[in-house]
Amino acid sequence: GQNIDQPTEMTATEGAIVQINCTYQTSGFNGLFWYQQHAGEAPTFLSYNVLDGLEEKGRFSSFLSRSKGYSYLLLKELQMKDSASYLCATGRAAGNKLTFGGGTRVLVKP
Amino acid sequence: EPEVTQTPSHQVTQMGQEVILRCVPISNHLYFYWYRQILGQKVEFLVSFYNNEISEKSEIFDDQFSVERPDGSNFTLKIRSTKLEDSAMYFCASSSGVDYGYTFGSGTRLTVV
C-alpha cells in the first residue's frame with residue numbers, strides 16, 4: 001500500500017525559509033517528487049530525489065532519506081508568489097504512476 | 001517548452017451523460033496518464049497507458065471509464081454515464097519513461113449537475 005503524510009498548512013513570512021516535511025510508506029519506492037500547485041492549476045514539477053541526500057535548485061532544495069522514509073522541501077527567500085500547495089509524491093520507476101500526498105498549503109505573508 | 005494540451009478547460013454535463021476529455025501529450029513521450037483531483041482533495045491516479053494499451057489502472061477506473069489513443073497525437077478519457085461524484089479536475093500527463101520527468105496538462109474542470 002501507499003501512505004504519504006505531509007502537514008496540511010504552513011504560514012511563513014516573505015523572505016524567510018520554510019521546510020515542508022513528507023513521510024512515506026510505500027511498496028516498490030524508487031523516487032520522491034515535489035510539485036507546486038497553485039489553486040485551480042496543474043501541478044508543476046519542482047524536483048525529484050532518487051538517492052539519499054540534498055538536491056539544490058535555486059531557491060528550492062529537496063532532501064531524501066530512503067532508510068527513514070522521509071523527505072523535505074526547503075523554500076528559501078520566500079516570495080509572495082510561492083503561496084501555493086506543495087505536493088509530495090512517490091514513484092516506483094520511470095514511466096510508472098505517481099502517488100500523491102494530500103499537499104501542504106503554504107501561505108506567505110508580507 | 002513542450003506542453004501537454006487539454007480540451008475543454010471546463011465542461012458542465014448532466015448526470016448520466018457521456019463526456020470525452022481530450023489531451024494532446026508531448027510528441028516524443030511514450031507514457032500517458034489521467035489523474036483527477038476532487039476539489040480540496042489530493043491528486044489521484046486513474047490510469048496509465050503505454051504501447052497502445054492500459055499499463056495500470058486504479059480502483060476508481062471502473063467500467064464507466066475508458067481511454068483511447070485514436071490517432072498519433074490525441075489521448076482521450078471517456079466517462080460513459082457521469083455521476084455527481086465524477087465532478088473534479090481531470091489532469092492528463094505524459095512522460096518519456098527515460099527519466100522521471102512528468103508533464104501535466106492544465107486540466108479539464110468537469111462539473112456534473
Side-chain angles (χ1 to χ4, degrees), chain A residues 1-9 20 22-51 55 57 62 64 66 71 73 84-105 107, chain B residues 1-6 9-10 21 23 25-26 28-51 53-61 67 88-111:
Chain A
Q2 317 280 341
N3 195 30
I4 300 170
D5 289 312
Q6 48 182 135
T8 308
E9 201 167 287
I20 306 167
C22 171
T23 57
Y24 62 90
Q25 294 161 329
T26 61
S27 55
F29 170 84
N30 208 307
L32 193 292
F33 296 75
W34 284 97
Y35 281 81
Q36 182 191 61
Q37 186 179 31
H38 284 100
E41 298 182 11
T44 55
F45 173 78
L46 290 177
S47 70
Y48 69 81
N49 294 67
V50 179
L51 302 175
E55 294 275 344
K57 244 190 206 182
S62 57
L64 176 66
R66 295 172 69 103
S71 172
L73 178 70
S85 284
Y86 291 85
L87 316 181
C88 173
T90 61
R92 289 200 305 268
N96 274 191
K97 70 177 184 185
L98 296 178
T99 301
F100 285 88
T104 299
R105 191 162 58 226
L107 177 61
Chain B
E1 192 169 326
E3 285 186 343
V4 174
T5 307
Q6 287 187 244
S9 55
H10 293 88
L21 310 184
C23 170
I26 292 174
N28 63 346
H29 281 184
L30 302 176
Y31 294 81
F32 315 120
Y33 316 84
W34 284 100
Y35 289 79
R36 81 170 185 193
Q37 188 175 31
I38 295 170
L39 188 63
Q41 297 188 24
K42 64 181 173 183
V43 177
E44 300 174 289
F45 169 75
L46 292 178
V47 66
S48 58
F49 193 86
Y50 171 72
N51 202 24
E53 61 182 24
I54 291 174
S55 49
E56 190 173 0
K57 60 183 180 180
S58 70
E59 291 172 356
I60 303 167
F61 194 87
V67 288
M89 191 76 138
Y90 287 81
F91 293 109
C92 175
S94 69
S95 73
S96 64
V98 172
D99 58 24
Y100 291 87
Y102 248 70
T103 303
F104 282 84
S106 54
T108 294
R109 182 173 299 283
L110 177 66
T111 303

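Order of the sequence lines sets the chain letters (A, B, ...), proteins ahead of strands, with each chain counted from 1.
- Between the side chain of Lys97(A) and the backbone N or O of Ser48(B), no donor-acceptor pair lies under 3.5 Å.
- Between Phe33(A) and Tyr48(A), the two ring planes are tilted [angle within 30° to 60°].
- When heavy atoms are compared at a cutoff of 4.5 Å, Tyr35(B) approaches chain A solely by way of its side chain, counted from C-beta outward.
- A ring-ring contact (aromatic ring centres under 6.0 Å, His included) with Tyr31(B) holds for exactly one of Tyr50(B), Phe49(B), Tyr102(B); it is Tyr50(B).
- Most heavy-atom pairs under 4.5 Å with chain B: of the set Pro43(A), Gly103(A), Gly102(A), Ala39(A), this distinction falls to Pro43(A).
- Residue contact with chain A, scored on non-hydrogen atoms closer than 4.5 Å, involves the side chain of Gln37(B) exclusively.
- At distances below 3.5 Å, at least one donor-acceptor pair connects side-chain atoms of Arg66(A) with backbone N or O atoms of Val50(A).
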